[in-house]
Colleague: 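Structure below; questions to follow.
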There are 2 protein chains.
Amino acid sequence: MASIKDVAKLAKVAPSTVSLVLNQKGYVSDISRKKVEAAMQELSYIPSEMARNLSLSRTNIIGVIVPEISHPFFGTFIHAVEAELYGRGYKTMVCSTVQKANAEQDFVDMLRRRTMDGIIMGAHSLELDIYDNINRPVVAFDRFINDEIPIVHADHQSGGRIAAEAFLRHACHHIVQIIGARKVSSPANEHHEVFKQILCEAGIIVDTVEMAWNAFEPIDFSQIVENLFMEYPDVDGIFGPDLAICSCLRLAEQYGRHIPDDLRLVAYDGTYITRIGVRTITAIVQPIPLLAHFAVEKIITLIRGDVGEKLQALSVSLQQGDTC
Amino acid sequence: MASIKDVAKLAKVAPSTVSLVLNQKGYVSDISRKKVEAAMQELSYIPSEMARNLSLSRTNIIGVIVPEISHPFFGTFIHAVEAELYGRGYKTMVCSTVQKANAEQDFVDMLRRRTMDGIIMGAHSLELDIYDNINRPVVAFDRFINDEIPIVHADHQSGGRIAAEAFLRHACHHIVQIIGARKVSSPANEHHEVFKQILCEAGIIVDTVEMAWNAFEPIDFSQIVENLFMEYPDVDGIFGPDLAICSCLRLAEQYGRHIPDDLRLVAYDGTYITRIGVRTITAIVQPIPLLAHFAVEKIITLIRGDVGEKLQALSVSLQQGDTC
DNA sequence: GTGAAAGCGCTAACAG
DNA sequence: CTGTTAGCGCTTTCAC
């Protein structure tokens, strides 16, 4: 492996000059530049990122922590984040936490060790004290971590309202909402409350089913939905995450329900899976690309040491489908 | 930021002793160890990964290159790879190539620059010469790159055969298969050939529709399938990637087709999306977790400098669903 | 404009 | 068992 010294020696200049050429910085005479370039060519020199990292004490790597990479919501988010970061010269390290003992702690340690310059944290963590006194750039994605850490999220209150209004356009009497684990501290929890409140005021019965904090697999959702049908046989409206609503649609027939006449369904998130089935699922759509954009924007601001402006909740929209 | 020297000074030992304690290597007297640990505690010392990387000239980062992270097949693959790598003390850097100008070249350059210790390459690249003379650890995931680069893939020939047999159990006359771009050099192309051959021998008409090399979005598939229905109005069997078959199922009604009686569908890949719709899609299932396992196994073998054994094609299986 | 030199923070011989 | 020393490869003052 040729190093900057080898290039310097061959070009008969000092290493610092090679460095200048490499980084297109400062003034280098044309003649020196040519010599250096020729030498780099001849030695097929490739600068070492590790050395540069140590010297500059940054890696240009951002970590993204999510529960599950293959989940449509998080997968789409990571895809968008990676594209944004790439456009700004950063690399993306991914970390999934579900089904791993204390992965989140490990990832945060990497941040401390300066493996990454910052992290975007969107895992469903229960122990938030690992983020205390981090003193390094962290942006939360749809999670409340602590007062120091800025948070990027959609306007879930409005999401809850829009969903409620969708049901109100029809004559539902008993609606069940499937929600994430309450102990996961997330702004997403707000949509349940708004949703329930609006519908209750309209005289509709609203029951709530809570998922386990680590439920992400299709099988988890099937079970939840089966229990739901057993427990609330007269349910005529269900509101829940995309995959849960897919399960409802899938199991409805078995339970003798016809959609949308007997049972209306509205999904929350509105990822692509609500658009690839036989019927398009009516859904509240989170603006994932925008969320990714602002998360990246923010983490880079933090890395630069700026404060930046306070983040606004991003607008959600209704996808009118065949299920409500 | 406290460094190893600060710790050494405070503990009144040499930096090398601190290093030994840190890495639990060699013999260190209990008394020295205690002093070092106390000093580390007091300074809340955190070792710098960058310095260690430079010194050891490795990063413990593996890059995974795929076309699209949110795609169910690649998302599931990345998730599994990340978990495997995590278990072995490696970190996962993701790189998506679709809709980026020359991202693949950039990622390969990172490998050269030693940003990563190795890469698992699963993108749909057209220009393979960027992998010439790399001389660094690369494992191909379902792609032929060149003779030097080992490749992990499923047994697509058997996949083609099993799919053909599925159709043969019913009375199909005209089958269309939707295939990936032929110019993407992948063992996956083998399933088309076997499939076609077996069915042709049975006297069935088999037509082939080729997708663009960069088609991954649901919308891309809709268009392909619409064209297919227009061009082959008497088609009574379709074989194609999961998302394409989803589109078939979705559009069948519009074209007055009833599934499975009028039109039989078999998907290739068998990701979770074939199991979350109203009807389970009959599919050839690629063993994604196993593929991930072997890809990781292989890249680590290469990094260690071993040769390892030649990789075998991994068995695929039939998921009997409602569509064939 | 360019070179010498001092780091960045850690590891690894090699003496003692 | 422990300290000394010499790197790893690049960046960056600061003289000349």
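Chain identifiers are assigned alphabetically (A, B, ...) following the order of the sequence lines, protein sequences preceding nucleic acid strands; residue numbering begins at 1 within each chain.
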Colleague: Above 12 or not: heavy atoms from other molecules or residues under 6.0 Å from CG of A:N135?
Modeller: no
Colleague: What pairs with A:H71 under ring-ring contact (aromatic ring centres under 6.0 Å, His included), at least two apart in sequence or on another chain?
Modeller: A:F74, A:F216
Colleague: Can I get a per-line list of side-chain donor-acceptor pairs under 3.5 Å for residues 1-21 of chain B, giving both atom names and the distance, sequence neighbours left out?
Modeller:
from	atom 1	to	atom 2	distance (Å)
B:S3	OG	B:K5	N	3.1
B:D6	OD2	B:S3	N	2.7
B:S19	OG	B:N23	ND2	3.4

Colleague: Take atom NZ of B:K5 and atom P of D:dT4, then tell me their distance rounded to the nearest Å.
Modeller: 12 Å
Colleague: Side chain to side chain donor-acceptor pair (under 3.5 Å) between A:S125 and A:E104: does it pass, once the steps are laid out?
Modeller: CA-CA 8 Å; A:S125 37; A:E104 193 169 352; 3.0 Å; yes
Colleague: Angle between the two end axes of the helix from C:dG1-D:dC16 to C:dG16-D:dC1, five base pairs per end, rounded to 10 degrees?
Modeller: 40°
Colleague: Taking side-chain contact (heavy atoms from CB on, under 4.5 Å) as the definition, give me every residue that meets it alongside B:L314, ordered by chain and number, with sequence neighbours left out.
Modeller: B:P287, B:L290, B:L291, B:F294
Colleague: Using whole Å, what does the distance between atom C1' of nucleotide D:dT12 and atom CD1 of A:I4 come to?
Modeller: 11 Å
Colleague: OG/B:S48 to CG/A:N53 distance, rounded to the nearest 0.5 angstrom?
Modeller: 9.5 Å
Colleague: Can you tell me how far apart CZ (B:R136) and CG (B:D117) are? Round to the nearest 0.5 Å.
Modeller: 6.5 Å
Colleague: Within the sub-3.5 Å range, which N or O atoms of nucleotides 3-5 of chain C have a protein N or O partner, and how far apart are they?
Modeller:
from	atom 1	to	atom 2	distance (Å)
C:dG3	OP2	A:A14	N	2.7
C:dG3	OP2	A:T17	OG1	2.9
C:dG3	N7	A:S16	OG	3.1
C:dA4	N6	A:S16	OG	3.3

Colleague: For residues 105-112 of chain B, which side-chain N or O atoms pair as donor and acceptor with protein atoms under 3.5 Å away, sequence neighbours left out?
Modeller:
from	atom 1	to	atom 2	distance (Å)
B:D106	OD2	A:Y86	OH	2.3
B:R112	NH2	B:D132	O	3.4

Colleague: Per the side chain to side chain donor-acceptor pair (under 3.5 Å) rule, what does the pair list look like for residues 299-310 of chain B, sequence neighbours excluded?
Modeller: none
Colleague: Which residues in residues 20-40 of chain B have at least one heavy atom lying under 4.0 Å from any atom of DNA chain C?
Modeller: B:N23, B:K25
Colleague: Going by salt bridge (charged side-chain N to carboxylate O under 4.0 Å, His left out), name the pairs with one or both residues in residues 73-82 of chain A, residues two or more places apart or in two chains.
Modeller: A:E82-B:K100
Colleague: Which residues, if any, of residues 48-56 of chain A bring a heavy atom under 4.0 Å of DNA chain D?
Modeller: A:S48, A:A51, A:R52, A:S55, A:L56
Colleague: Under the ring-ring contact (aromatic ring centres under 6.0 Å, His included) rule, collect the residues that match up with A:F77, sequence neighbours excluded.
Modeller: A:F141
Colleague: Specify the separation, in whole Å, of atom CZ of B:R114 and atom C1' of D:dG9.
Modeller: 12 Å
Colleague: Please confirm whether the backbone N or O of B:Y90 pairs with a side-chain atom of B:N60, one donor and one acceptor, at under 3.5 Å?
Modeller: no
Colleague: Which pairs, protein N/O on one side and nucleotides 14-16 of chain D N/O on the other, fall under 3.5 Å?
Modeller:
none

Colleague: Can you find a pair of side-chain heavy atoms, one from A:I62 and one from A:I120, that are under 4.5 Å apart?
Modeller: yes
Colleague: Are B:H124 and B:R143 linked by a side-chain donor-acceptor pair shorter than 3.5 Å?
Modeller: yes
Colleague: Check the distance between C:dT11's C1' and B:R58's CZ and give it to me in whole angstrom.
Modeller: 11 Å
Colleague: If we ignore hydrogens and angles and just use 3.5 Å, is the side chain of A:H79 paired with the main-chain N or O of B:I69 as donor and acceptor?
Modeller: yes
Colleague: When the distance from CD1 of B:I46 to C1' of C:dG9 is rounded to whole Å, what number comes out?
Modeller: 14 Å
